[in-house]
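Structure first, commentary second.
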Number of protein chains: 2
Amino acid sequence: MGDSPRSRRERPAKPALSRQGIIDATNEIMRSEGLEKATMRRVAQALDTGPASLYVYVSNTTELHAAVLDELIGSFHSDGDGDWVARLDALLAGYSEVLFTYPGLARSALVLRPTGPNSIALFDRVLGLLLEGGIAPDRAAWGVDLLLQFVTATAAEHSAPAPSDAVARGQQGDPERFETAVRDAATTGTPHLRAHMDAVLGGTPAQRFMWATRALVAGITATPIPAEPANR
Amino acid sequence: MGDSPRSRRERPAKPALSRQGIIDATNEIMRSEGLEKATMRRVAQALDTGPASLYVYVSNTTELHAAVLDELIGSFHSDGDGDWVARLDALLAGYSEVLFTYPGLARSALVLRPTGPNSIALFDRVLGLLLEGGIAPDRAAWGVDLLLQFVTATAAEHSAPAPSDAVARGQQGDPERFETAVRDAATTGTPHLRAHMDAVLGGTPAQRFMWATRALVAGITATPIPAEPANR
DNA sequence: ACCTGAACACCGTTCAAGT
DNA sequence: ACCTGAACACCGTTCAAGT
């Protein structure tokens with residue numbers, strides 16, 4: 001009994017594989033090294049096994065990433081007080097924060113249409129707040145998509161593929177590139193851009209985020225859905 | 001003279017490499033096989049050379065994809081007539097059509113913040129239409145981003161990674177998965193979702209697209225930008 | 001200058017074989 | 001059942017060497 005032969009030292013006991021263990025390890029790698037490092041091979045290595053072993057618990061890379069995302073969505077609680085607008089702001093800010101912390105996941109979320117239990121719960125909470133605000137249920141129902149899509153897309157925009165990839169510098173959607181392009185173009189055939197360049201380039205990201213959510217809520221509130229109420 | 005020695009037959013003359021030729025070949029592969037097949041190696045093969053040769057004209061894969069996107073954005077002209085709303089609809093529909101035809105590119109566009117000349121021109125056109133609609137310049141300037149982001153994100157959502165990948169079936173954001181998840185969840189702790197399930201799941205994609213653009217324009221029109229007009 | 005063969009350092013996924 | 005070594009079929013990018 002006592003020490004089994006191969007438990008000499010090192011090897012921190014190598015916990016048995018499990019779906020949750022794989023998800024946790026993936027989460028950890030994503031946070032510290034970014035989505036693109038959270039590969040099957042890298043995760044397997046972190047768990048001291050081979051990539052093939054993961055396929056017992058996870059059906060493919062996409063599904064694994066989706067599982068991590070749903071877990072993260074379940075991890076933030078922002079049931080602040082205040083009126084429904086304040087609570088909506090807090091909720092969207094919380095979601096946004098998660099996506100900014102794991103930027104690569106925002107890209108996935110856009111394509112994946114998260115359907116895990118926590119994602120659905122988030123959808124329900126946003127819908128509840130819009131209804132509480134007195135928005136017509138039809139409009140609120142469609143509006144949730146618009147709001148969550150905006151948050152996701154905004155986070156995805158700010159996601160550089162590799163945290164410190166030499167190639168990425170000046171390549172990605174860093175605002176600078178866009179700003180330079182606008183200033184350059186303003187001298188040629190883009191009259192409106194030239195006339196309003198300062199407005200186009202103005203505002204902090206936080207100001208724009210806040211303005212956009214205001215505009216979305218206003219639009220959702222005021223815009224009737226088409227005649228056929230909700231066909232299909 | 002006449003036939004040079006190595007022009008026996010076959011080999012359709014192998015045109016010299018050029019940046020434009022590389023872009024065209026990439027475009028063609030994207031259309032016929034999807035973004036994920038438009039790799040350096042695959043493009044090089046189509047041009048009958050090795051991948052290393054492409055790096056003389058193109059700095060990396062991302063830049064190549066961005067070049068194709070800007071070319072496509074320049075390729076559609078929808079200066080229909082009618083009032084500004086009709087023309088805005090036509091313009092966004094045209095952009096949307098391109099992105100739906102090359103779905104993978106929509107994902108790229110979100111992260112890339114396209115800055116090519118044609119992309120900037122599109123931005124200018126949308127801005128012009130909003131101004132024509134009498135929207136305050138400050139709001140219009142920020143609103144363009146919101147509108148283009150919506151179109152791009154919507155196209156990205158509907159993009160399955162591989163056109164006919166066995167794994168993709170039931171995996172991606174096909175509406176069915178979301179619908180199933182909603183119906184399942186509706187029995188548990190998601191009261192609002194249950195109460196308004198039909199509204200949430202209702203509407204055709206086209207109806208939702210139209211409604212969303214209406215809501216966006218309404219919100220942009222009605223929402224004042226923050227006190228500091230356009231700092232920075 | 002332009003082009004390229006070959007290499008480096010990776011991927012996801014499958015499958016026969018082991019325990 | 002669960003796990004895995006090894007293989008298959010790919011990637012992007014670099015670089016020394018050729019023309």
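By convention in this document, chain letters (A, B, ...) are assigned in the order of the sequence lines, proteins followed by strands, and residues within each chain are numbered from 1.
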Practice item. Calculate the interatomic distance between R19(B) atom CZ and dC2(C) atom P; express it in whole Å. Key: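 Whole-Å distance recorded here is 14 Å.
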**Study point:** d(CG, L54(A); P, dT4(D)) in whole Å
**Key:**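 Those two atoms, CG and P, are 9 Å apart.
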Review point. Of all the choices, dC15(D), dT13(D), dT13(C), which nucleotide is nearest to the side chain of P51(A) once you look at every atom?
Key: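 Selected nucleotide (nearest to the side chain): dT13(C).
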Exercise for review: Just compare dT13(C), dT14(D), dC3(D) and give me whichever is closest to any side-chain atom of L17(A).
Suggested key: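 Side chain of L17(A) sits closest to dC3(D).
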Review point. Partners of D89(B) by salt bridge (charged side-chain N to carboxylate O under 4.0 Å, His left out), sequence neighbours excluded?
Key: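 For D89(B), the residues satisfying salt bridge (charged side-chain N to carboxylate O under 4.0 Å, His left out) (neighbours in sequence not counted) are R214(B).
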Check your understanding: Roughly how far apart, to the nearest Å, are dC2(C) and dA17(D) at atom C1'?
Key ->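 Pairwise C1' distance, dC2(C) against dA17(D), rounds to 13 Å.
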Point to revise | Exam field: side chain R41(B) to backbone P51(B), donor-acceptor pair closer than 3.5 Å | key: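 Not a single qualifying donor-acceptor pair exists.
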Review point. Counting distance only, does the side-chain N/O of N118(A) pair as donor-acceptor with the main-chain N or O of I73(A) below 3.5 Å?
Key: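 Pair absent, no side-chain N/O of N118(A) close to backbone of I73(A).
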Can you name the residues that form a ring pair (Phe, Tyr, Trp, His ring centres under 6.0 Å) with [X], not counting sequence neighbours?
X: F209(A); result: F150(A)
X: Y95(B); result: none
X: F100(B); result: H158(B)

**Study point:** Involving DNA chain C, stems made of at least three consecutive Watson-Crick or G-U pairs, both distances under 3.5 Å
**Key:**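 DNA chain C forms these stems: C:4-8 with D:12-16, C:12-16 with D:4-8.
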Point to revise | Under-4.0 Å salt bridge between E63(A) and R19(A) | key: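 Yes.
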Exercise for review: Quick one: closest heavy-atom pair of A106(A) and A156(A), and the distance?
Suggested key: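 For A106(A) versus A156(A), the nearest heavy atoms are CB-N, 3.5 Å.
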Under 3.5 Å, which N/O atoms of the protein pair with N/O atoms of nucleotides 8-12 of chain C?
residue : atom : partner : partner atom : Å
dC11(C) : OP1  : T39(A)  : OG1          : 3.4
dC11(C) : N4   : R41(A)  : NH1          : 3.4
dG12(C) : OP1  : M40(A)  : N            : 3.2
dG12(C) : OP2  : M40(A)  : N            : 3.2
dG12(C) : OP2  : R41(A)  : N            : 3.4
dG12(C) : N7   : R41(A)  : NH1          : 2.5
dG12(C) : O6   : R41(A)  : NH1          : 2.8

